[in-house]
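Values reported hereafter were calculated over all heavy atoms of this structure, with side chains retained and with hydrogens, waters and symmetry mates removed. Computed from a predicted structure; not experimentally measured. Along the sequence shown, residues are numbered consecutively beginning with 1.
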Amino acid sequence: MEFLYTYETLKLEFPLVEPERAGFIILGVPFDGTTSFKAGARFGPTLIRQATLNLESYILDYDVDIAELSIADVGDIAVVAGDSRRTADRVRETIEEIKRANPGALPILLGGEHSQTLGAVEALRPASYVVFDAHLDLRDSYEDNPYNHACVARRISELGVKEAMFGIRSGTREEVEFAEKNGIRWVHARDYSFEAFVDVVSSLPEPVYLSVDIDVFDLSMVPSTGTPEAGGLAFWDVVEAIEWLAKKKRIAGFDIMEVAGERLGDPTALAAAKLLFYFIGAVAKFGR
């Protein structure tokens, strides 16, 4: 099946199925048009896919082999260079196409700049948005662009979606005040624990959209990302949260964003690829 705004690119090496028969559908968004520090997120989808070639498809923890699941990869979005809003529109329209073709599929975005999560949320209309991120991303506008990567959580909040944020360690006073005024709960990376995660997320309505900005991890593990920050979470912190969500909440969609770099085998992409496999494995093992 072909989609209006996608093109074929490097695919995962294990057997894939057609989108109409898939339980999971992967879509790359190679966009970095508003990146404000380190460029290269446009290469994220390719780097993540290539990094999966280093991984065993069998997940030891779950007794699940990713290669035996029904996964489709529809390629990458043909982005509108420098235009985050029009590119997000293409993300939204493509996911809407995917859901019309296969209403039961779970879309997975690989990115690419975090601004593009907005298009996925607009298409899927979840009740809640759970994000792991170093930054609040609640600015009303940044660099004269309300669709900058630093504004994505603000735009999602305006859709009436409940939000919860984890691993935060960067933001402005105005963003903190906006979160307090609008009931957006967030947990600083220094205060993060699994118990804190469950306390915040348990009461969120379903379905939930889960977003992981790769900069939530400490920069020693993910050096190639647009706005790296010291003092982040451990890999297993996020995996444990994913497992809980798979067991307890209906998940509408998932993304791993802000993976950048310029060479194959980048450690940031390797972390993202491993997280991708754990997400698919956890939903297959525990999903409702």
Just wondering, do [Y] and [X] contact through their side chains at under 4.5 Å, heavy atoms?
| X | Y | value |
| --- | --- | --- |
| Asp133 | Met165 | no |
| Gln50 | Leu10 | yes |
| Cys151 | Pro146 | no |
| Phe254 | Leu110 | no |
| Val201 | Phe166 | yes |
| Ser211 | Thr117 | yes |
| Ser128 | Glu163 | no |
| Thr172 | Glu175 | yes |

When the aromatic ring centroids of Phe197 and Phe132 are compared, is their separation below 6.0 Å?
yes
Same cluster or not: are [X] and [Y] linked, directly or through other Ile, Leu, Val, Met, Phe, Trp or Tyr residues, by side-chain heavy atoms under 4.5 angstrom apart?
| X | Y | value |
| --- | --- | --- |
| Val283 | Tyr209 | no |
| Ile251 | Val216 | yes |
| Val17 | Leu27 | no |
| Ile26 | Phe31 | no |
| Phe14 | Phe24 | yes |

Hey, could you give me each pair passing salt bridge (charged side-chain N to carboxylate O under 4.0 Å, His left out) that has a residue in residues 84-93? Not counting sequence neighbours.
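Sorted pair list: Arg85-Asp89, Arg85-Glu122, Asp89-Arg92, Arg92-Glu96, Arg92-Glu122.
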Does any pair with a residue in residues 34-44 pass salt bridge (charged side-chain N to carboxylate O under 4.0 Å, His left out), and if so which ones, sequence neighbours excluded?
Asp32-Arg42
Non-hydrogen atoms of [X] and [Y] that approach each other most closely:
| X | Y | answer |
| --- | --- | --- |
| Gly167 | Ala189 | O-CB, 3.6 Å |
| Asp255 | Met257 | OD1-CG, 3.2 Å |
| Thr35 | Gly226 | CG2-CA, 4.3 Å |
| Ser224 | Thr268 | N-OG1, 2.9 Å |

Regarding [X] and [Y], is there a side-chain donor-to-acceptor distance under 3.5 Å anywhere?
| X | Y | value |
| --- | --- | --- |
| Ser84 | Glu113 | no |
| His135 | Asp215 | yes |
| Tyr147 | Asp83 | no |
| Ser36 | Glu143 | no |

Could you check whether any side-chain N or O of [X] sits under 3.5 Å from a backbone N or O of [Y], counting only pairs where one atom can act as donor and the other as acceptor?
| X | Y | answer |
| --- | --- | --- |
| Lys249 | Leu204 | yes |
| Ser57 | Ile66 | no |
| Asp76 | Tyr7 | no |
| Thr94 | Tyr5 | no |

When clusters are formed from ILVMFWY side-chain contacts under 4.5 Å, directly or step by step, what else is grouped with Phe37?
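Same cluster as Phe37: nobody, lone residue.
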Apart from Leu264 itself, residues in the same hydrophobic cluster as defined by side-chain heavy atoms under 4.5 Å
Phe43, Leu47
So with a 6.0 Å cut-off around NZ of Lys247, is the heavy-atom count from everything else above 12?
yes
In terms of heavy-atom contacts, does NZ of Lys162 have more than 12 from other residues, nucleotides or ligands at under 6.0 Å?
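Atom NZ in Lys162 is not packed in, count stays at 12 or less.
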Sequence neighbours excluded and cut-off under 3.5 Å, please list the side-chain donor-acceptor pairs for residues 235-245, or say none.
unit_1 : atom_1 : unit_2 : atom_2 : d
Asp237 : OD2    : Ala234 : N      : 3.0
Glu243 : OE2    : Tyr62  : OH     : 2.5

Sort out for me which residue in Ile280, Val212, Leu270 forms a side-chain contact (heavy atoms from CB on, under 4.5 Å) with Leu275.
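Single pass found, and it is Val212.
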Separation between CD1 (Ile214) and OG1 (Thr225), nearest 0.5 Å, reads 7.5 Å
How many angstroms lie between atom CG of Leu55 and atom CD1 of Ile59, to the nearest 0.5 angstrom?
8.0 Å
Pairs involving residues 176-193, ordered by first then second residue, that meet side-chain hydrogen bond (donor to acceptor under 3.5 Å, both in side chains) (sequence neighbours left out)
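Pairs touching residues 176-193 that pass the test: Arg185-Asp199.
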